[in-house]
Student: 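Quick one: the structure is below, questions incoming.
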Amino acid sequence: MPRVRNPLLRTLVELRGNGRACVYTEPMWGLSMALVLPYASVFMLTLGVHDEQIGLLATISILSQMVFGLLSGVITDKLGRRLTTALFDIVAWVIPCLIWAFAQNFWWFLVASLINGAWQVTQNSWDCLLVEDVERSEIPKVYSLVKVSAEFSALFAPIAALLVSRFGLEPAVRILYLNAFVIMAIKIWLLYRLSTETDTGRIRREQTRGVSIWSSLRGYRPVLGLILRSKGTLFSLAVQAIVAAVSLVNGTFWQVVINQHLGVPDPLLPFFPMVRSLLSVLFFFTLIPALTHGKHLRLPTLLGFAVYLAGQVLLVLIPAQEGGATASTYLLLAVCLLLDAFGAGILFMLAESLVALHVDRHERSRVMAIQRTCVMLVTAPFGWISGWLSGMDRTWPFILTSALLLLGVVVTARLWVTTHEPAPTATA
């Protein structure tokens with residue numbers, strides 16, 4: 001059998017065990033939640049939820065995630081990576097999908113946001129399940145594959161557009177949430193069937209047997225010391241926090257600004273994430289591997305921040321036209337999508353990879369739990385702040401993201417820490 005030349009495709013073909021189970025089931029996200037996310041904020045506006053309330057919900061969701069995130073390391077060690085992922089995926093996605101499908105006002109969304117915060121537990125356990133049995137050198141490629149798998153959801157965007165065009169926004173979104181309820185349940189079952197507990201997970205489960213959760217939480221103190229003594233871990237935490245804050249604002253208000261400010265009609269909304277995703281997949285199989293195949297990731301990180309910054313600034317500068325979006329509006333939005341696809345794509349992969357590369361492998365679950373809690377603590381106010389800004393001018397949240405990405409450039413340029421262990425010196 002001829003050897004596959006593309007490094008990303010080669011990793012995809014050669015993946016085995018839990019890495020394969022996690023990556024190969026990830027495209028099901030595209031048939032479930034990814035179909036409805038482009039409409040989530042606009043759906044809330046349709047039901048009478050205001051910009052400020054949407055931003056508040058984003059902040060409340062982050063605070064809920066912070067609580068679950070703090071507990072995630074303890075739960076993941078106690079139950080094991082595999083069981084934790086299955087149980088908390090049900091809590092975090094299956095149950096909230098039903099609530100969103102029948103939501104009537106702000107309070108329904110509030111309850112769903114609080115429950116949905118449990119996805120931070122499964123994010124920890126899923127990450128451990130994904131990488132703990134994977135060779136260190138393959139970790140950036142594996143995270144690239146995860147991003148590519150999620151981006152393939154773009155292929156299903158016309159389904160959502162067709163439903164909205166046929167039934168109207170509100171009924172279509174309710175159907176999409178019910179669809180997500182079913183597909184996510186199937187995805188959870190498949191991943192559980194196809195995966196096994198990791199070696200580290202079995203060891204940690206035995207070590208925490210008979211130890212209460214509260215006793216385990218007290219064990220976070222020395223783990224916190226590990227983080228504070230590691231410049232690399234602190235640097236990766238800063239990068240991840242900046243990327244998370246920008247992602248929160250974009251995920252909440254990007255569709256709102258193009259719909260309510262630039263006049264893009266409802267049925268076209270899912271095509272924008274579709275195009276962004278397809279461009280991102282293209283970059284992941286071409287330009288991004290060429291930039292990140294070596295040990296030196298500082299320049300690709302700087303490039304990612306700079307390109308993403310350019311896309312956010314351009315979005316702010318697009319003029320609103322009377323009567324709705326024009327050909328020039330769509331052309332400028334296409335350039336935004338091109339810049340965002342590269343910038344957000346490479347930064348997602350690098351932010352996750354930097355954390356995985358710096359983390360103490362024997363304390364991975366607890367270190368990542370504390371890191372995610374810190375990231376969410378920093379990120380939480382940006383939901384409310386961006387909602388407040390959007391209430392005054394729908395372009396202002398993206399002035400905020402531009403400032404954050406500029407900060408990312410400065411942090412990377414001034415505080416970079418080498419991410420890989422140096423190769424052993426040859427001896428005579």
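Sequential numbering from 1 along the given sequence is applied to the chain's residues.
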Student: Determine the minimum heavy-atom distance between Thr76 and Ser125, stating which atoms define it.
Tutor: OG1-CB, 3.5 Å

Student: Within the 4.5 Å heavy-atom criterion, are Met184 and Met28 side-chain neighbours or not?
Tutor: no

Student: Is there side-chain contact between Ser195 and Thr25, with heavy atoms separated by less than 4.5 Å?
Tutor: no

Student: For Trp100 and Trp93, take the angle between the two ring planes, folded into 0 to 90°, and tell me which bin it lands in: parallel under 30, tilted 30 to 60, perpendicular over 60.
Tutor: tilted

Student: Any side-chain heavy-atom pair from Val243 and Tyr308 closer than 4.5 angstrom?
Tutor: no

Student: Find the distance between SG (Cys22) and CG (Leu129) and round it off to the nearest 0.5 Å.
Tutor: 4.0 Å

Student: Can you tell if the side chain of Ser72 reaches within under 4.5 Å of the side chain of Gln120, non-hydrogen atoms only?
Tutor: no

Student: To the closest 0.5 Å, what do you measure between CG (Leu337) and CZ (Phe271)?
Tutor: 13.0 Å

Student: Would the Trp126 and Trp119 ring centres measure less than 6.0 Å apart?
Tutor: no

Student: Counting C-beta onward and ignoring hydrogens, is there a side-chain heavy-atom pair between Leu350 and Val239 closer than 4.5 Å?
Tutor: no

Student: Using the six-membered ring wherever Trp is involved, compare the ring planes of Phe272 and Tyr330 and label them parallel, tilted or perpendicular (cut-offs 30° and 60°).
Tutor: parallel

Student: Going by heavy atoms in the side chains, are Gln312 and Asn250 under 4.5 Å from each other?
Tutor: yes

Student: How long is the gap from CG on Leu332 to CD1 on Ile318, to the nearest 0.5 Å?
Tutor: 5.0 Å

Student: Minimum heavy-atom separation for Ala245 to Leu404, with atom names?
Tutor: CB-CD1, 3.8 Å

Student: Looking at every non-hydrogen atom in both residues, tell me the closest pair between Leu262 and Pro319 and how far apart they are.
Tutor: CD2-O, 4.0 Å

Student: Does the side chain of Val246 reach to within under 4.5 Å of the side chain of Phe382, using non-hydrogen atoms?
Tutor: no

Student: Give, for atom CD1 of Ile288 and atom CG of Leu303, the distance between the pair rounded to the nearest 0.5 Å.
Tutor: 9.5 Å

Student: Any chance you could lay out the side chain to side chain contact (heavy atoms under 4.5 Å, CB included) test for Phe106 and Leu57, step after step, and finish with the verdict?
Tutor: CA-CA 9 Å; Phe106 169 82; Leu57 286 169; 3.7 Å; yes

Student: Could you check whether Thr326 and Ser328, counting side-chain N and O atoms only, form a donor-acceptor pair closer than 3.5 Å?
Tutor: yes

Student: Using the rule given for side chain to side chain contact (heavy atoms under 4.5 Å, CB included), can you reason through Asp340 versus Trp254, listing the C-alpha separation, both sets of side-chain angles and the distance that settles it, and then say yes or no?
Tutor: CA-CA 11 Å; Asp340 287 359; Trp254 205 92; 3.6 Å; yes

Student: Is there a donor-acceptor contact under 3.5 Å linking the side chains of Thr252 and Ser41?
Tutor: no

Student: Would Arg82 and Tyr192 count as a cation-pi pair here, with the cationic atom under 6.0 angstrom from the ring centre and within 45° of the axis?
Tutor: yes

Student: When you compare the side chain of Val182 with that of Leu178, does any pair of heavy atoms fall below 4.5 Å?
Tutor: no

